[in-house]
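Atoms within each ligand, like the ligands themselves, are counted from 1 in listed order.
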Amino acid sequence: MAQIIQKKHITVEQNWQKELATGFTDPFSLLRYLNLDTTDFGSHAEARRLFPMRVPRFFASLMQKGNWQDPLLQQVLPVKQEFLSAPGFSADPLEEHATATPGLLHKYRSRVLLIVRGGCAVNCRYCFRRHFPYADNSLSKQELARNIDYIAAHPVIDEVILSGGDPLMAKDTHLAELANALSAIPHIKRLRIHSRLPVVMPSRLDTDFMRWFSAVPLQRVLVLHVNHANEISEQLVQRLRSLREAGVTLLNQAVLLKGINDDADTQQQLNETLFNAGVMPYYLHTLDKVQGSAHFDVPLQTAREIMAELIKRLPGFMVPKLVTEIGGQPGKTPIDLRLHPLE
Ligand SMILES: *Cc1c(COP(=O)(O)O)cnc(C)c1O
Ligand code: SF4
């Protein structure tokens, strides 16, 4: 009996990894799957050389067939606008590429970012890490041990954020080991995971994941990345329910994106749907000015107008904080929401 359970367990563990391997990497096959005519698409396809296309089949199944303007498709489809350069947009807007400690970013006083894995299940075209040299950041055992020593040696750190890429691209055995090592450090109170994987492939939140994550003796926070209500599938909602039952705090960060979620109705729907799924809206980020993403940029004044409308329409706890990241600041910088400054 034990053996049968063991076997079953292994099959389950491999499911999400198998699913990952079957994702769309060719824009033409994605477009054909969506019943879209690819005749005029040729000039866009080259953009995948700048940043490969990656779209899990599950995420594609949430897109509306026959709709070029689908807000999920627009986030992942390579387009020729990515070749344009724009003033103020650079390859490394947050100055993250050169760090003294590969795999570790300690920019904010009390919390540290551990880059667990480069690479993601989905490649978002607006991603501020689209030029990140992940190859140089895949850690050896020694480097990881050194990063854990760093955390242990800095009592000012009380929270570790697993990031990437997408940290949930790592195997559960690896993540569980890491969580054990972090739990043994007395000043660490919280373990936070920043991941988009559960959104684009809810199967990632499987029993193996639940088993180790539920057992971590720290406060646990999962910060999802959802930009549009259509991304919140029934499958995701079900798995989030188990996480909440296991005492995990669920938050969301979104990015304000032109043509995708840059109006009050879309934002209202996003934040209501999140809350209905037990996820608290946390941040709405303005676009990080990474080269090749200028066509997603939303003017600050539009952002303020959307926020003013959300404040009117929603209870305060459903309104995310509009923030931007400015190099050298001690945390994310809140954006002044006043449409007409008082003074
Ligand atoms: C965003 C970020 C964090 C987390 O910031 P919070 O405001 O706590 O969500 C931590 N470290 C780095 C480097 C970050 O970019
Ligand atoms: S999931 Fe996050 S890190 Fe990965 S490509 Fe999308 S925005 Fe970038």
Identify which of R190, K107, K332, R111 has a heavy atom lying nearest to atom 8 (O) of ligand 1.
-> R111
Side-chain ion pair, D265 and R313, N-O less than 4.0 Å = yes
Starting from atom 10 (C) of ligand 1, locate the nearest protein heavy atom and write down its residue, its atom name and how far away it is, to 0.1 Å.
-> Y108 CD1, 3.4 Å
Please confirm whether the backbone N or O of R196 pairs with a side-chain atom of D166, one donor and one acceptor, at under 3.5 Å?
-> yes
Look up atom CG in L30 and atom CZ in R54, then write down how far apart they are to the nearest 0.5 Å.
-> 14.0 Å
List every atom of ligand 2 that sits less than 4.0 Å from any heavy atom of C120, numbering the atoms from 1 in the order shown and giving each element.
-> 1 (S), 3 (S), 4 (Fe), 5 (S)
Using a heavy-atom cut-off of under 4.0 Å, does the side chain or the backbone of H194 touch ligand 1, or both, or neither?
-> neither
Work out whether the distance between some heavy atom of D166 and some atom of ligand 2 is less than 4.0 Å.
-> no
Shortest protein heavy-atom distance from atom 12 (C) of ligand 1, along with the residue and atom involved = L113 CD1, 3.7 Å
Near atom 6 (Fe) of ligand 2, is there an N/O/S atom from C124 that is less than 2.8 Å away?
-> yes
If you measure from atom 7 (S) of ligand 2 to every heavy atom of R196, H225, Q75, which option wins on shortest distance?
-> H225
Check V223 against ligand 1 and report side chain, backbone, both or neither, counting heavy atoms closer than 4.0 Å.
-> neither
Output the list of atoms in ligand 1 that are nearer than 4.0 Å to some heavy atom of Y282, sorted by atom number.
-> 6 (P), 7 (O), 8 (O), 9 (O)
From the options E46, R125, H295, select the one residue that forms a side-chain contact (heavy atoms from CB on, under 4.5 Å) with V79.
-> H295
Does one side chain, of E231 or Q75, offer a donor that lies under 3.5 Å from an acceptor on the other?
-> yes
Compute both the distance and the angle, then confirm whether K80 meets the cation-pi test with F41: under 6.0 Å from the six-membered ring centre, within 45 degrees of the axis.
-> no
Between P281 and F317 the two heavy atoms that sit nearest each other are CD-O, 3.8 Å
With atoms numbered from 1 as shown, which atoms in ligand 1 lie under 4.0 angstrom from a non-hydrogen atom of I161?
-> 3 (C), 4 (C), 10 (C)
Where does the angle between the aromatic ring planes of Y283 and H285 fall among parallel (under 30°), tilted (30 to 60°) and perpendicular (over 60°)?
-> perpendicular
Does R129 come within less than 4.0 Å of ligand 2, judged by its heavy atoms?
-> no
Would you mind listing which atoms of ligand 1 come within a distance below 4.0 Å of any non-hydrogen atom of Y283?
-> 6 (P), 7 (O), 9 (O)
According to the interplanar angle, ranging from 0 to 90°, do the rings of Y126 and F296 count as parallel (below 30°), tilted (30 to 60°) or perpendicular (above 60°)?
-> perpendicular
Using heavy atoms and a threshold below 4.0 Å, how should the contact between E325 and ligand 1 be classified: side chain, backbone, both, or neither?
-> side chain
Below 4.5 Å, heavy atoms only, C-beta onward: do Q81 and H44 meet side chain to side chain?
-> yes
Any E159 heavy atom less than 4.0 Å from ligand 1 | no
